[in-house]
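For reference, the structure discussed in these notes is given below.
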Amino acid sequence: MPTTPKTRIDLGAGVTLTRAIPYTLSDGTTVLSDHYYPPASFGPVNPTLLMRQPYGRDIASTVVYAHPAWFARHGYNVVIQDVRGRGGSSGDFYPFRHEARDGAETIAWLRTLPESNGRIGMYGFSYQGATQLLAAAERPEGLQCIAPAQTAADLYSGWFYHHGALRLASSLGWGLQMLREDARRLNLTEASNLLEAAWRDVRNQPQHLPYAQHPAITDPALPSYVRDWFAHPTPGPYWSDQDISRRADQIEIPALHISGWFDPYLNGSIQAFDLLRNHAATPHARRHQYLLAGPWTHIPWTDRAGDLNLGPEALLDTDTLLLRWFDHWLKDAGTWTGIPPVTHFVLGPNTWQTAEDWCSDLTQPFFLHSGGRADSRKGNGTLTLAEPTTPEPPDLFVYDPEVPVLAPGGAQSLPGSFDQSALESGNNLLVYTSAPLGQPLQILGFPIVSLYVSTSAPSADITAKLIRVLPPGCDGSARAEFICIGIARSTFLFGPGSGINYAPDTLHLWQFPLEATSCLLAPGERLRLEIAASAFPLYDRNPGTLTPAAEMTYSNCTRSTHILHHSPEHPSAIILPILNSEPAIAPPNR
């Protein structure tokens, strides 16, 4: 469309910026973008890096990336665009719904600009990662590579839900954040005030019951997307129509997937890597999928994760890494040649390793044992390499939805690794701990729990948390360092298609993976497994009734008793994907 010429702003070192360049999409929506131009020494035409995001194009994800001017100084046109309905762009914002077509049309337009040589790459994390995957599935001409970070190919299982349980803290918190701009754009004063108050009160955001009727999201004049997320607790077309979970075979370009061990979308990033590595459109695309798994939270990518100091190697220069990636695919520089498919940060020694695959095929089960009192770390729960050979009394604990077991990051579900010792003091969870290891134990991939459990509730959750216990310090205390967690809801695990009819007070095998990790336990350290029925507010609470979790109140929930068996007939275990083939501890005499 014809536009009024805009002045280029000098940013120094030969880089210039033109703000708010409009482009009209095919449905009449106008999107605005800021365009950064490289120094004249790179010539009149150059490749383009595109980021499409909903947070204001001037921010440009600089919380984790270098400023766009830095990339421009290295010979790229850099375009930061407000997606429809956000920032300066017109239209209505509904997360994910329009990003495939809008992204493809933007790429087609950018290729027509006089400064473009027709070669496009995309970058960005979180929502900006999803805009890349969705645009790539449209196969736009000129898009030659992407670098999606901390995002999801499958929105249901990689972004919002985990084996049927809502990722409550992140989903509600992000929803409130997004709706704040919608309320301002729509001049909804009362709704805006409620959203601002809820946004500031982070600790109490997930406390409102029922959370599907949180007063900050229920104004009918607001967009419905947050309410829609809560109204769709099972997989289905609502989710798959907005993601690439069924469109991987339409993506035909290389991708660098960046993830964080303590990021809420860790599963989403790994699923995207696996999905495209196995199902992308061409052998070339399948061969050139890469995973960088760092030790980071969602924001920032640094050497601290919770109260854990990750050491200097965690301060990876991801900007220079991205430059090598784009130089290789957009400038034919050969700067990515020979890079292994997987680069992962090993927790413990806090070093980087490379691998051909990110999940080990070698497994080691650790079996649960106790004298019937595994409740809390004061109890007698143990992990050993030996299966139960004689009868053992089961372990029992009570789940109370009004007093849930808290998430690894406490009442605010803070991201990262925290000492779990205080949380392990309650009798509302079970704790199983190994003897000190006699040699290193390296884990890479998804730990899987295999638990024989009966519950008194018609609907129930089981959570499992993997812990690394350090040797006691000078004060005699032993730090219990969080590694990873998983959850399964009975309505999901034993739902339609499972072939199992779940019933209360009936023994069932609960088998499900935890989130992935790369961790090396040193000799003298111990492995610990926590079992509970909640990890609030990381996940929503199960009412223990057939009431949907999103509609739970204190009047429609119930307490329940959980019984975990570990006997010769029902050997409960955690199965670890390991890299070293020798047993980590000698089986004890039982």
Side-chain angles (χ1 to χ4, degrees), residues 53-64 82-83 85-88 92-95 125-128 150 159-160 166-230 260 262-265 296-302 304-307 402-404 406-416 418 423 534-541 549-554:
Q53 53 75 55
Y55 303 110
R57 61 188 184 276
D58 52 335
I59 295 174
S61 294
T62 49
V63 67
V64 292
D82 289 331
V83 300
R86 311 302 283 183
D92 298 321
F93 178 69
Y94 193 107
F125 85 118
S126 195
Y127 193 86
Q128 297 83 276
Q150 296 182 331
W159 191 294
F160 291 98
L166 177 73
R167 291 181 171 91
L168 177 60
S170 59
S171 298
L172 179 59
W174 185 59
L176 293 171
Q177 179 186 2
M178 294 292 97
L179 286 173
R180 288 164 68 228
E181 180 169 340
D182 293 312
R184 291 193 294 264
R185 291 171 70 101
L186 294 168
N187 295 315
L188 301 174
T189 302
E190 184 177 351
S192 182
N193 291 338
L194 287 171
L195 285 160
E196 294 298 337
W199 174 248
R200 290 192 301 270
D201 191 9
V202 176
R203 185 185 181 97
N204 287 317
Q205 283 175 9
Q207 299 288 345
H208 187 276
L209 292 175
Y211 67 78
Q213 297 177 32
H214 193 295
I217 69 172
T218 52
D219 189 322
L222 285 171
S224 65
Y225 51 80
V226 179
R227 302 190 297 274
D228 295 343
W229 301 338
F230 301 159
F262 303 110
D263 176 55
Y265 312 130
W296 307 304
T297 61
H298 198 59
I299 302 170
W301 304 349
T302 181
R304 299 295 194 274
D307 60 11
E402 295 191 43
V403 190
L406 296 180
Q412 290 182 245
S413 191
L414 298 173
F418 293 90
L423 290 176
S534 57
F536 180 79
L538 178 65
Y539 305 118
D540 63 353
R541 290 172 281 187
E551 298 300 332
M552 173 186 147
T553 66
Y554 290 139

Using only atom types and a distance under 3.5 Å, with no angle test, would you say the side chain of [X] pairs donor to acceptor with the backbone of [Y]?
| X | Y | answer |
| --- | --- | --- |
| R185 | G85 | yes |
| D540 | L168 | no |
| R180 | E196 | no |
| Q412 | L414 | no |
| E181 | G87 | yes |
| Q205 | A198 | yes |
| Q207 | P537 | no |

Checklist entry - With the threshold set at 4.0 Å, does a side-chain nitrogen-carboxylate oxygen contact exist between R86 and D92? => result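 No, this pair does not count.
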Checklist entry - D263: what forms a side-chain hydrogen bond (donor to acceptor under 3.5 Å, both in side chains) with it, not counting sequence neighbours? => result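 Once residues adjacent in sequence are excluded, the partners of D263 under the side-chain hydrogen bond (donor to acceptor under 3.5 Å, both in side chains) criterion are H298.
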Checklist entry - Taking C-beta and beyond as the side chain, do W174 and P95 meet within less than 4.5 Å on heavy atoms? => result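 With C-beta onward as the side chain, the pair touches.
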How far does [atom1] of [X] sit from [atom2] of [Y], to the nearest 0.5 angstrom?
| X | Y | atom1 | atom2 | result |
| --- | --- | --- | --- | --- |
| Y265 | Y127 | OH | OH | 12.0 Å |
| F262 | R304 | CZ | CZ | 13.5 Å |
| H208 | D201 | NE2 | CG | 12.0 Å |

Checklist entry - How close do L179 and L195 get, heavy atom to heavy atom, and via which atoms? => result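 Minimum heavy-atom contact is O-CD1, 3.5 Å.
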